[in-house]
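Everything below concerns the one structure shown next.
Protein chains get the first letters and strands the later ones, always in sequence-line order, with residue 1 at the start of each.
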There are 2 protein chains.
Amino acid sequence: MNGVTIGQAAAFVGVTVKTVRHYHKLGLVREPERDSSGYRRYGSADLLRLVQARTLAAAGVPLAEIGPLLDADAALFTAALADVERHLTQQIEELTARRDTLHRLADGDRALLPDRAVALLERMAGLGFAADETAATREGWVLARALVPEGFDDYLTHFEHALDDPGLVALGRRAAEAAAWEPDDPRIAELAATAAGHYLANPALLKTVTGLQARTEAGTRYMLIAHHGGERTPAAARLAELFEAELRAAGIRIPRP
Amino acid sequence: MNGVTIGQAAAFVGVTVKTVRHYHKLGLVREPERDSSGYRRYGSADLLRLVQARTLAAAGVPLAEIGPLLDADAALFTAALADVERHLTQQIEELTARRDTLHRLADGDRALLPDRAVALLERMAGLGFAADETAATREGWVLARALVPEGFDDYLTHFEHALDDPGLVALGRRAAEAAAWEPDDPRIAELAATAAGHYLANPALLKTVTGLQARTEAGTRYMLIAHHGGERTPAAARLAELFEAELRAAGIRIPRP
DNA sequence: TTGCACCCTGACCCGAGGTCAACCTCAACG
DNA sequence: CGTTGAGGTTGACCTCGGGTCAGGGTGCAA
């Protein structure tokens with residue numbers, strides 16, 4: 001009749017009855033003697049073992065390792081404790097990092113793109129590009145980074161230079177407007193020619209087009225990035241098509257859909 | 001032919017292919033279109049969704065909640081984010097606390113008893129009690145705390161006062177010696193009478209006997225605590241029996257085994 | 001003696017994936 | 001042109017740390 005019941009033992013160490021029985025089944029904690037009615041009776045040594053096991057389990061040690069650990073000699077045990085502690089510290093850091101990521105997720109989709117890219121998008125918005133245009137650009141970048149992560153930084157650098165060119169910025173804004181035109185508007189061909197001329201006159205600029213391409217074996221990937229939005233207007237599609245045709249005519253290698 | 005394969009998508013968000021498919025099965029992320037060969041093809045919108053889902057999942061949000069959460073409107077979403085963040089912070093605190101308790105594990109006493117109780121045991125040792133006596137006391141305390149946690153602090157307070165009484169301390173030490181006597185040694189009855197007299201003369205002292213008892217409906221619990229060690233010597237058993245009989249004769253209610 | 005809380009065993013369920021099998025497809029190489 | 005290797009497809013079962021349910025036995029107070 002000496003010893004506490006499983007419910008009291010469980011309450012003492014702060015777990016459920018089922019958990020204690022689970023530990024017995026796994027051999028992690030020895031089963032105590034039973035009383036005349038078959039109830040388990042826990043003595044102080046059993047409680048000690050339970051507390052030790054529970055503390056390790058709560059710290060994330062796999063249950064299968066806890067038994068051997070508690071049976072090991074003191075030197076081995078303290079070494080393992082230090083190990084567990086390092087693990088915990090690392091976990092804390094990870095959680096903290098996640099919390100910060102969530103923070104960023106709350107004020108925009110910064111989580112998807114590096115800060116540098118986000119800054120560029122903000123600069124675009126400041127330069128007069130419409131919100132849906134920068135949004136489309138952002139989506140494209142997300143894809144680009146997924147496909148060619150190793151070339152993305154270079155691409156951003158080229159893009160930064162491009163934003164330094166006021167003529168190009170004006171062209172970009174006009175292209176954004178063009179999306180709303182009729183597909184057969186003659187101004188589209190005109191705009192495509194002007195843009196192609198500007199690009200061809202400025203070889204560094206061409207790298208925003210060819211830079212990523214060089215990294216991908218197959219041109220299909222470029223197509224994906226350039227044409228990522230199937231929801232583009234017909235006018236925008238035609239503008240892109242004409243623009244690419246002009247570049248191709250000038251000897252720039254651009255894959256076809 | 002536009003879109004990335006599942007492997008690329010998985011690599012981008014930092015999970016395995018299987019995990020992405022798992023998310024599809026749970027309806028957490030919509031399945032993208034298939035290409036002519038049956039491969040899933042992920043576009044930028046799919047990747048965006050995947051990253052969002054992954055970020056929430058990594059923060060510990062149950063997968064079943066993530067879908068609705070991402071479909072909810074912005075206000076609801078940011079509220080949920082704040083909630084998740086609070087949860088994370090709490091988790092970090094918990095982990096930190098666990099790391100601290102790990103330190104106490106190396107020493108069994110500290111794991112099972114509050115610092116105050118451990119200090120009292122050390123004081124007992126300093127007062128000349130034998131090691132096995134303090135060990136037995138410790139075991140009794142562990143059980144007592146498991147059985148009657150809400151009365152344990154009061155009990156410790158009474159015990160502290162008891163240690164301030166030099167006469168009582170001397171009696172305790174003598175009782176410890178008595179365990180080695182023959183069970184029919186006449187000094188045992190004498191000692192029991194002296195001890196009972198000391199207790200009865202000092203009502204506050206009686207609380208170390210009756211204090212815990214008041215908290216338990218059934219006297220059996222007291223018995224458990226007082227007689228927890230079945231391994232006591234016959235002499236010690238007889239001393240306890242006579243001592244209890246004296247108190248009972250004086251009108252103190254003490255349960256029988 | 002009737003409740004009620006607690007104990008017993010055993011079997012199945014859960015989340016968040018991992019593993020294995022059997023087969024299909026793509027890209028590159030000789 | 002065939003082969004090879006990597007990566008895609010489904011489906012079924014495994015894992016860990018327990019939770020839940022079913023069907024029954026105990027202990028104690030009213």
Side-chain angles (χ1 to χ4, degrees), chain A residues 1-29 31-42 46 50 53-67 98 147 216-221 224 255, chain B residues 1-29 31-42 46 50 53-67 98 146-147 216-224 255-256:
Chain A
M1 191 65 59
N2 55 2
V4 305
T5 70
I6 194 172
Q8 292 167 319
F12 181 56
V13 304
V15 302
T16 69
V17 167
K18 192 67 214 281
T19 298
V20 174
R21 288 203 276 248
H22 192 52
Y23 289 177
H24 291 325
K25 204 166 301 179
L26 297 189
L28 196 162
V29 173
E31 287 230 17
E33 307 287 303
R34 310 289 183 116
D35 64 15
S36 58
S37 65
Y39 288 12
R40 295 172 181 86
R41 289 294 176 166
Y42 296 80
D46 300 310
L50 265 180
R54 184 56 204 167
T55 307
L56 290 177
V61 180
L63 298 193
E65 292 175 18
I66 291 180
R98 275 203 231 304
L147 286 165
T216 70
E217 314 85 33
T220 59
R221 293 197 172 176
L224 172 60
Chain B
M1 190 66 59
N2 55 1
V4 306
T5 69
I6 194 172
Q8 292 170 313
F12 178 56
V13 304
V15 302
T16 69
V17 168
K18 192 67 214 279
T19 298
V20 174
R21 288 204 276 248
H22 192 52
Y23 288 179
H24 290 326
K25 203 166 301 180
L26 297 189
L28 196 161
V29 174
E31 287 230 18
E33 307 287 304
R34 310 288 184 115
D35 64 15
S36 57
S37 66
Y39 287 14
R40 294 171 180 85
R41 288 294 176 165
Y42 295 81
D46 300 309
L50 218 41
R54 185 58 204 166
T55 307
L56 290 178
V61 180
L63 298 193
E65 292 175 18
I66 291 180
R98 275 202 231 302
L147 284 165
T216 70
E217 313 84 33
T220 60
R221 291 198 173 176
Y222 161 76
M223 295 314 296
L224 171 60
R256 259 165 233 282

Legend entry - Nearest to side-chain heavy atoms of A/Ile6, which nucleotide of C/dC8, D/dG17, D/dT9: C/dC8
Inset, instruction - Give a yes/no answer on whether the side chain of A/Ser37 brings an N or O atom under 4.0 Å of OP1 or OP2 in D/dG27. - result: yes
Inset, instruction - Would you kindly compare B/Pro62 and B/Tyr39 by the position of their nearest DNA chain C nucleotide and give the one closer to the 5′ end? - result: B/Pro62
Inset, instruction - Nearest whole angstrom, please: distance from the P of C/dG15 to the CD1 of B/Ile66. - result: 13 Å
Inset, instruction - Measure the CD-CZ distance between A/Glu31 and A/Arg21 for me, rounded to the nearest 0.5 Å. - result: 9.5 Å
Inset, instruction - Mark yes or no for whether B/Arg98, through its side chain, and A/Ala58, through its backbone, hold a donor-acceptor pair below 3.5 Å. - result: yes
Inset, instruction - Using whole Å, report how far NZ of B/Lys25 lies from P of D/dT9. - result: 12 Å
Legend entry - Integer-rounded Å distance: C/dG15 C1' and B/Leu26 CG: 9 Å
Legend entry - Protein-nucleotide distance (A/Asp35, atom CG; C/dC7, atom C1'), rounded to Å: 9 Å
Inset, instruction - For A/Leu50 and D/dG18, give me the distance from atom CG to atom C1', rounded to whole Å. - result: 15 Å
Legend entry - Closest nucleotide among C/dG17, D/dG17, D/dT26 to the B/Thr19 side chain: C/dG17
Inset, instruction - Starting from P on C/dA16, measure out to CG on B/Leu56 and report it in whole angstrom. - result: 12 Å
Inset, instruction - Compare the minimum distances between each of C/dG17, C/dT9, C/dT19 and the side chain of B/Lys18, then state the nucleotide with the smallest one. - result: C/dT19
Legend entry - Sub-4.5 Å side-chain heavy-atom contact between A/Leu63 and A/His22: yes
Inset, instruction - When you get a sec, tell me which of D/dT9, C/dG17, C/dT9 is the closest nucleotide to the side chain of B/Arg21? - result: D/dT9
Inset, instruction - Would you tell me if any nitrogen or oxygen in the side chain of B/Thr16 comes within less than 4.0 Å of OP1 or OP2 on C/dG18? - result: yes
Inset, instruction - Output yes when at least one side-chain N/O atom of A/Arg54 is less than 4.0 Å from OP1 or OP2 of D/dG18, else no. - result: yes
Inset, instruction - Specify the separation, in whole Å, of atom NE2 of A/His24 and atom P of C/dG10. - result: 14 Å
Inset, instruction - Walk me through it: do B/Asp46 and B/Val29 pass the test side-chain contact (heavy atoms from CB on, under 4.5 Å)? - result: CA-CA 8 Å; B/Asp46 300 309; B/Val29 174; 5.7 Å; no
Legend entry - Rounded interatomic separation in angstrom, taking CD from A/Gln8 and C1' from D/dC28: 13 Å
Inset, instruction - Please check the phosphate of D/dT26 (OP1 and OP2 only) for any side-chain N or O of A/Arg40 closer than 4.0 Å. - result: no
Legend entry - Point-to-point distance, once rounded to the nearest 0.5 Å, from CG of A/Leu50 to OH of A/Tyr23: 8.5 Å
Legend entry - Distance test, side-chain N/O of B/Thr5 to OP1/OP2 of D/dG7, below 4.0 Å: no
